[in-house]
Chemist: 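Handing you a structure now.
Since the model is a prediction, treat every value here as computed from it, not as a measurement.
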Amino acid sequence: MPIPLLQSPCYSAYMHHIPIMESESLDEMWYGQLQPIIKGIPETFTLLEPEQDYVRREQTKFFASDCTRNPDLCPQRLDEAFLGQTRERLQMLLSDIQTQETNIFIREAYERHITERLLNIDMVLAAAKNDHPQFVDANIALYGLPSREIFGAACDWIRQDVTEAMAANSRLLEAGNNVLELVPSTAGNAAVLMPDKTVFNKVRELHGLPGGYIDQLFQDVIWPNTSVITPETGAAITRQVIKNVGSRFPVYEAPNGLWSVSQSRATVTAPSSYNLSVPAFRGILAHEIGSHLLESVNGARSPLRLLEIGLDRYEYGNEGRAVLREQIMFENPRDYNNQPDWYPTKASWEYRLTIHLVISLAYELGGQAYSFARLFQLVKVLFTFWTLKYQQDINRDTINNGAWSMVARALKGTDGTAGAYMKDIVYLEGNVRCWQLAKTNPERILYGDAGKFDITNHRHVMMLTELGILPQTN
């Protein structure tokens with residue numbers, strides 16, 4: 001039986017038209033002034049990264065020290081003068097909006113968005129100056145601290161997974177015991193991380209309705225008669241899906257091996273090599289193109305143009321929803337969790353559990369702040385165990401480099417002794433929030449295609465409802 005809420009105007013407007021029709025803008029003046037200020041500024045995670053040659057030298061020193069020397073991953077050769085000028089221009093624009101904008105919702109949206117940008121600039125400048133306390137304060141102001149409940153659940157999930165696999169395969173005993181020795185045994189409930197099966201099926205059904213989201217996202221796609229997708233077959237599919245969401249972004253090879261959409265560069269990046277099951281490949285496209293890129297396209301056409309680049313702190317619901325769309329490309333959550341091609345896709349369940357664990361431990365949720373070297377050893381034994389569990393060949397260089405990459409990603413902006421860049425906690429925590437929302441409002445998962453906002457943030461939903469972008473709901 002169809003869910004009654006599917007009859008809402010919002011479902012008709014956003015879910016049966018990818019992309020939506022362009023509307024008259026309510027914030028054209030302010031958006032037009034904001035864009036030149038932020039044009040050319042890379043995403044914060046890019047600004048925080050040191051130069052590649054420097055990172056390679058730090059990596060060489062780390063391995064030469066038998067993985068005991070903590071690398072300094074603060075940004076090098078940052079254009080601090082340019083960021084300072086950008087900060088001043090943003091503050092001037094903020095002052096103008098506060099004194100001139102009469103619509104309270106548009107004023108609030110821009111106040112919060114610009115304040116968040118200022119915090120990001122402050123965080124990057126603090127990292128460049130090795131001002132660790134300010135770097136940590138800015139991180140917490142932007143993301144809060146990692147959830148202790150999710151941290152405990154992640155530890156519990158990993159320990160359960162290891163224990164069950166060891167019981168089924170005695171060859172995993174040594175690798176499993178290495179994991180159990182290093183992953184904290186905390187009070188946690190792994191079930192918190194898993195969606196209810198009924199809710200999962202309902203959300204999956206919503207996306208799969210005839211003529212709905214999945215049909216439109218993959219319209220005119222010619223699927224190869226194979227069980228796996230490689231760049232040879234996936235490139236044309238990727239380009240078609242980009243076209244289907246109303247974008248002309250080109251696809252370039254990802255230097256870091258990650259699928260991504262870059263608003264600042266107006267590009268989609270894809271790894272040069274991948275070998276993915278069809279559901280996994282469809283999930284990645286639904287995450288990056290069918291969520292992030294579609295949100296931008298629709299945001300640019302909405303009455304609030306700011307939705308093209310995002311309301312403040314939109315990432316929890318935004319990234320959590322994108323991960324949810326990876327999950328529903330499988331018949332059940334367990335199939336997503338147990339993909340044999342878990343590594344090195346970096347979109348796997350294990351990867352997202354582990355990076356949340358890394359950041360949590362760097363922020364003392366394990367009782368003390370873990371250093372880079374200590375976190376590396378933890379990630380290394382986890383990657384070794386999962387490689388054996390999925391019956392893949394053990395390549396020590398691949399595992400070492402993978403562990404280095406993950407910990408370096410999380411600890412960028414630090415000297416390696418404590419703290420982390422907090423952004424990557426939003427994937428796991430946001431996913432849990434989205435599934436909790438879906439218990440009572442499954443249709444709102446689809447509403448997120450209206451633009452870049454957090455569907456689990458009541459303030460965002462109220463604001464967009466008042467502006468007529470989302471429908472009134474009970």
Chemist: Side chains of Thr269 and Ser260: any donor to acceptor distance under 3.5 Å?
Modeler: yes
Chemist: With a 3.5 Å cut-off and no angle check, do the side chains of His292 and Ser296 form a donor-acceptor pair?
Modeler: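 Ser296 and His292 do not have a side-chain donor-acceptor pair below 3.5 Å.
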Chemist: Asp335 and Asn332: side-chain donor and acceptor closer than 3.5 Å?
Modeler: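 The answer is yes; a qualifying pair exists.
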Chemist: For the residue pair Trp404 and Phe372, is the inter-centroid distance of their aromatic rings smaller than 6.0 Å?
Modeler: yes
Chemist: Identify the heavy atoms of Phe62 and Arg69 that sit nearest to each other, and give their distance.
Modeler: CD1-O, 2.9 Å
Chemist: Grab the two heavy atoms, one from Ala410 and one from Ile355, that are nearest each other, plus how far apart they are.
Modeler: CB-CG1, 4.3 Å
Chemist: Salt-bridge test for Asp72 and Lys61: reply yes if a basic N is under 4.0 Å from a carboxylate O, no otherwise.
Modeler: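 Salt bridge: no.
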Chemist: Would Glu108 and Arg112 count as a salt bridge (Lys or Arg N to Asp or Glu O under 4.0 Å) here? Give the steps.
Modeler: CA-CA 6 Å; Glu108 179 186 349; Arg112 290 179 178 273; 3.0 Å; yes
Chemist: Taking only Lys NZ, Arg NE, NH1 and NH2, and the carboxylate oxygens of Asp or Glu, determine whether Asp454 and Arg313 approach each other closer than 4.0 Å.
Modeler: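 No, Asp454 and Arg313 are not salt-bridged.
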Chemist: Any chance the side chains of Gln160 and Asp156 put a donor and an acceptor closer than 3.5 Å?
Modeler: yes
Chemist: Pairing donors with acceptors under 3.5 angstrom, does anything connect the side chains of Asn70 and Thr417?
Modeler: no
Chemist: Quick one: does Phe281's side chain get under 4.5 Å of Met329's, heavy atoms only?
Modeler: no
Chemist: What is the minimum heavy-atom distance between Phe249 and Thr267, and which atoms define it?
Modeler: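 Looks like CD2-N, 3.6 Å.
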Chemist: Before you tell me yes or no, could you show the steps for Tyr31 and Glu308 under side chain to side chain contact (heavy atoms under 4.5 Å, CB included), namely the whole-Å CA-CA distance, both residues' side-chain angles and the distance that decides it to 0.1 Å?
Modeler: CA-CA 10 Å; Tyr31 196 57; Glu308 180 182 12; 2.6 Å; yes
Chemist: Hey, are Asp312 and Arg117 close enough for a salt bridge, meaning a charged N less than 4.0 Å from a carboxylate O?
Modeler: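 Salt bridge flag = no for Arg117 with Asp312.
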Chemist: Flag the pair Val179 / Leu378 as yes when at least one side-chain heavy-atom distance between them is below 4.5 Å, and no otherwise.
Modeler: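 Sidechains of Leu378 and Val179: no contact.
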Chemist: I'd like to know if the side chain of Asn139 pairs up with that of Tyr421 as donor and acceptor (distance under 3.5 Å, no hydrogens or angles considered).
Modeler: no
Chemist: Going by atom types only, do Asp122 and Gln134 share a side-chain donor-acceptor pair under 3.5 Å?
Modeler: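 Per modelled atom types, Asp122 and Gln134 side chains form no pair under 3.5 Å.
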Chemist: What residue among Lys423, Lys452, Arg321 forms salt bridge (Lys or Arg N to Asp or Glu O under 4.0 Å) with Glu315?
Modeler: Lys423
Chemist: Which residue pairs satisfy the ring pair (Phe, Tyr, Trp, His ring centres under 6.0 Å) criterion with at least one member in residues 298-330, sequence neighbours excluded?
Modeler: Phe330-Tyr336
Chemist: Can you confirm whether the side chains of Glu364 and Tyr370 place a donor and an acceptor under 3.5 Å from each other?
Modeler: no
Chemist: Which of these, His287, Glu288, Arg282, Gln339, sits in a side-chain contact (heavy atoms from CB on, under 4.5 Å) with Glu326?
Modeler: His287
Chemist: Can you name the residues that form a salt bridge (Lys or Arg N to Asp or Glu O under 4.0 Å) with Asp415, not counting sequence neighbours?
Modeler: none
Chemist: Does the side chain of Asp196 pick up a donor-acceptor pair with the side chain of Trp435 at under 3.5 Å?
Modeler: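 There is no such pair (donor and acceptor under 3.5 Å, judged by atom type) between the side chains of Asp196 and Trp435.
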Chemist: Gln59 and Tyr54: side-chain donor and acceptor closer than 3.5 Å?
Modeler: no
Chemist: Among residues at least two apart in sequence or on other chains, which ones pass salt bridge (Lys or Arg N to Asp or Glu O under 4.0 Å) with Lys380?
Modeler: none
